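Structure record follows, encoded as C-alpha cells.
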Amino acid sequence: MGLLFRRGRKDDKSAAEEHYTRGQWAQALEAYLRVASREPDNAQVLRRVADLQAKAGRRAEAAAAYRKLAELYARGGFLPQAIAVQKVLLRVDPAAGEVAGVLAGLYSRRGTGSALPGVARRPLPEISLFADLGPGEVAQIIEKLVPRSLGMGETLFREGDPGDSLFFVASGAVQVCRGGVTLAELGEGAVFGEGAFFSRERRSAEVTAVGPAELLEMRREDADALVARYPGVADALAAFYRRRVLDRVLAASPVFRLLREEERRRLADLFRDVGVSPGDVVVREGDTDRSLYLVKRGRFLVTALAPGTGKPLLLAELGPGSLFGEVALVSGAPRTASVTAATEGVVLAVPEAEAAPVLERNPALREALERLRDERAAATIAQILQGDT
C-alpha cells in the first residue's frame with residue numbers, strides 16, 4: 001500500500017519559493033496562500049501574496065493584502081516599510097481611500113520592540129522626524145513622500161548634485177561613499193541626505209544601492225509646503241536637524257566630543273533657529289555676549305579691525321556645520337572678531353545662561369575651551385599683524 005502523506009508547512013514554503021523562482025506565478029500564489037492561511041501575520045509571505053495577486057490581475061484581493069501588510073508594519077513600528085506598501089496599494093487601487101491617516105494612527109500606538117513574522121528581529125529604528133508629531137501631521141507627511149526604487153548598483157545621487165531631498169530606506173540597503181571611500185552602509189529604517197537637505201548645499205557624498213532597494217523621498221518643496229501649513233512640522237524638522245546633524249557636528253568637534261553622548265544631545269536640544277539676511281551682524285567685535293552659534297545654512301565672514309587703520313581684516317569664511325562663539329563661554333573678554341552674514345541663512349544659537357550648566361557639569365570641557373580661547377587669540381593676533389604689514 002502506498003504511503004499517504006500531507007504536505008507540511010516547510011513543504012508549502014519550499015514549493016512556493018521554487019515556483020516563484022521559476023516564474024510559475026499561479027502555482028507560487030496557490031502555495032503562498034496555503035502558507036498565509038496558517039501564518040496570517042507573516043509580512044514576507046503576505047507581500048508575496050499581494051504582489052502575485054496584483055500580477056494576476058486580482059486587484060481587489062491584492063489591495064486587501066497590501067492594506068493588511070501596511071497596517072501590520074505600522075502597528076509594529078516599521079513606518080517606512082508601511083508607507084512604501086501604502087504607495088504600492090494606491091497604484092493597485094487609486095480609490096483605496098484614506099490610508100495615510102490609518103497608518104499614522106497605528107504607528108502612534110505601535111509596540112516597543114516586537115518583531116513581525118517574516119521580518120528580521122532587531123530594535124525598532126528611531127524615526128526622530130515623527131517623534132514629536134501627532135497622527136494628523138504624520139499623515140500629511142506620509143501623503144507627500146514619494147517612492148523611489150533602485151536596482152543593484154544603481155546610483156541615487158553623486159557628490160556635487162543638488163541636495164534638495166531627504167530619503168528613508170524602506171527595504172534593502174544603500175552605500176554612502178566619498179572620494180571612492182565607503183563611509184557607511186544604511187539599511188531599513190535609516191534616514192540619509194539630511195545634511196545637504198537642511199543646508200541647501202550640494203551633496204558631499206555618493207549613494208548607491210547595495211542590492212534592490214526601496215526608498216521614500218521627501219522633497220524640499222513638499223516639506224516647505226507642509227511647514228507653511230502645519231507649525232508642528234516646522235518644529236519637528238528643527239528637532240530632527242538638532243538630533244541628526246547638530247549632534248554629529250558636536251561629536252566631531254575637538255572640544256565638544258569630550259562630552260558624554262547624553263550630555264552632548266542635551267546641549268544640542270538647547271539650540272534654536274535664528275534667520276539672518278545678508279549684512280546682518282551675528283557677533284560684533286567688542287561685544288560681551290556669551291552665546292554659542294552653529295551655521296545651519298548660508299555663508300558668514302569672520303572679520304577683525306586692524307590696529308591703527310581700523311579697517312576690517314577678513315580672518316575666515318564659515319559655512320554649514322561651522323561652530324563659532326564657543327570661546328566666549330569661558331572668556332570674560334569682549335568678542336575679538338565680528339561674524340557677518342554674507343548670504344541669507346540660518347544659524348542656531350544657545351545663550352550663555354542655558355549652556356553654562358553644561359560647563360559646570362563637565363570641567364574637562366571648560367579646560368578645553370580655555371585652551372581653545374588662547375589658541376584662537378594667538379592666531380587672530382598673528383593674522384592681524386600679518387595683514388597690517
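Computed from a predicted model, the values in this text were never measured in an experiment. In this chain, numbering begins with 1 at the start of the sequence shown.
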Q. Quick one: CE on Met152 to CG on Leu150, what's the gap to the nearest 0.5 Å?
A. 12.0 Å
**Q.** Exercise: identify the closest heavy-atom pair between Tyr20 and Ala28
**A.** N-CB, 3.7 Å
Q) Does CD belonging to Glu221 count more than 12 external heavy atoms closer than 6.0 Å? A) yes
Q) Does the ring of Phe256 carry Arg264 above it, NZ/CZ under 6.0 angstrom from centre and within 45° of its axis? A) no
Q: Using a cut-off of 6.0 Å, state whether more than 12 heavy atoms not belonging to Arg272 lie near its atom CZ.
A: yes
**Q.** Heavy-atom donor-acceptor pair, Asn42 side chain to Val45 backbone, under 3.5 Å
**A.** yes
**Q.** Nearest-0.5 Å distance, CG of residue Leu103 to OH of residue Tyr73
**A.** 12.5 Å
Q. Would you call Arg266 and Glu263 a salt bridge, using N to O less than 4.0 angstrom?
A. yes
Q.
Could you check whether any side-chain N or O of Arg219 sits under 3.5 Å from a backbone N or O of Lys144, counting only pairs where one atom can act as donor and the other as acceptor?
A. no
Q: Kindly give the heavy-atom pair with the smallest separation between Ala62 and Ala50, and that separation in Å.
A: CB-O, 3.6 Å
Q) Would you call the rings of Phe324 and Phe300 parallel, tilted or perpendicular if under 30° counts as parallel and over 60° as perpendicular? A) tilted
Q) Is Phe271 reachable from Leu237 through a run of hydrophobic residues whose side-chain heavy atoms are each under 4.5 Å from the next? A) yes
Q: Find out whether Val233 and Gln140 are in side-chain contact, i.e. whether some heavy atom of one side chain is under 4.5 Å from a heavy atom of the other.
A: no
Q: May I ask you to say whether Asp12 pairs ionically with Arg38, meaning some side-chain N is under 4.0 Å from a carboxylate O?
A: yes
**Q.** 4.5 Å side-chain heavy-atom contact, Val174 and Leu156
**A.** no
**Q.** Basic-acidic side-chain contact under 4.0 Å: Arg265, Asp247
**A.** yes
(Q) Could you tell me if the side chain of Asp273 sits less than 4.5 Å from the side chain of Leu348, heavy atoms only? (A) yes
Q) Salt-bridged, Glu17 to Lys13, with N to O below 4.0 Å? A) no
Q: Would you check if the side chain of Arg58 reaches a backbone N or O of Gln53 as a donor-acceptor pair within less than 3.5 Å?
A: no
(Q) Using modelled atom types and a 3.5 Å cut-off, is there a donor and acceptor pairing between side-chain atoms of Arg203 and backbone atoms of Ala196? (A) no
Q. Would you say Ile141 and Leu226 make side-chain contact, with heavy atoms under 4.5 Å?
A. yes
Q: Give a yes or no on whether a salt bridge exists between Glu137 and Arg229, defined as a side-chain N under 4.0 angstrom from a carboxylate O.
A: no
Q: Would you check if Pro80 and Glu188 make a side-chain contact, meaning some heavy-atom pair closer than 4.5 Å?
A: no
(Q) Under a 3.5 Å distance rule, please check whether Asp222 uses its side chain to pair with a backbone N or O of Met218 as donor and acceptor. (A) no
(Q) Between Arg290 and Thr288, does the side-chain contact (heavy atoms from CB on, under 4.5 Å) criterion hold? Intermediate values first, please. (A) CA-CA 6 Å; Arg290 298 288 179 265; Thr288 57; 4.1 Å; yes
Q) Can you tell me how far CG of Leu46 sits from CZ of Arg67, rounded to the nearest 0.5 angstrom? A) 13.0 Å
(Q) Count I, L, V, M, F, W, Y as connected when their side-chain heavy atoms are under 4.5 Å apart, and connections chain through other members. Are Val92 and Leu72 then in the same cluster? (A) yes
Q.
Hydrophobic clusters here meaning ILVMFWY residues chained together by side-chain heavy-atom distances under 4.5 Å, can you tell me if Phe157 and Val245 are in one?
A. no
Q. How about Leu323 and Val255: do any of their side-chain heavy atoms sit closer than 4.5 Å?
A. no
Q) With distance as the sole test, does Glu201 use its side chain to make a donor-acceptor pair with the main-chain N or O of Pro320 at under 3.5 Å? A) no
(Q) Measuring only between side-chain heavy atoms, which start at C-beta, is Leu29 closer than 4.5 Å to Val49? (A) yes
Q: Quick one: pull up CD in Glu326 and OG in Ser291 and give me the separation to the nearest 0.5 Å.
A: 12.5 Å
Q.
Please check: side-chain N/O of Arg244 versus main-chain N/O of Val191, any donor-acceptor pairing under 3.5 Å?
A. yes
Q. Transitively linked via ILVMFWY side-chain contacts under 4.5 Å: Val102 with Leu90?
A. no
Q) Of all heavy-atom pairs between Ala349 and Val274, which one has the smallest distance, and what is that distance? A) CB-CG2, 4.2 Å
Q) What distance do Lys311 atom NZ and Thr303 atom OG1 have between them, rounded to the nearest 0.5 Å? A) 14.5 Å
Q) Parallel, tilted or perpendicular for Phe167 and Phe192, by the 30°/60° rule? A) parallel
Q | Ser338 side chain vs Glu285 backbone, donor-acceptor pair below 3.5 Å | A | yes
Q) Hey, is the main chain of Asp287 close enough, under 3.5 Å, to the side chain of Arg335 for a donor-acceptor pair? A) no
Q.
Between Ser149 and Glu214, is there a side-chain donor-acceptor contact under 3.5 Å, judged purely by atom types and distance?
A. yes
Q | Side-chain heavy-atom pair Leu294, Leu250 within 4.5 angstrom cut-off | A | no
Q. Are Leu145 and Phe197 linked, directly or through other ILVMFWY residues, by side chains that come within less than 4.5 angstrom of each other?
A. yes
Q. Is the closest basic N to carboxylate O distance between Asp51 and Lys55 below 4.0 Å?
A. no
Q: Heavy atoms only: give me the nearest Val249-Gly321 pair and the separation to one decimal.
A: CG1-O, 3.3 Å
Q: Mark yes or no for whether Glu317, through its side chain, and Arg299, through its backbone, hold a donor-acceptor pair below 3.5 Å.
A: no
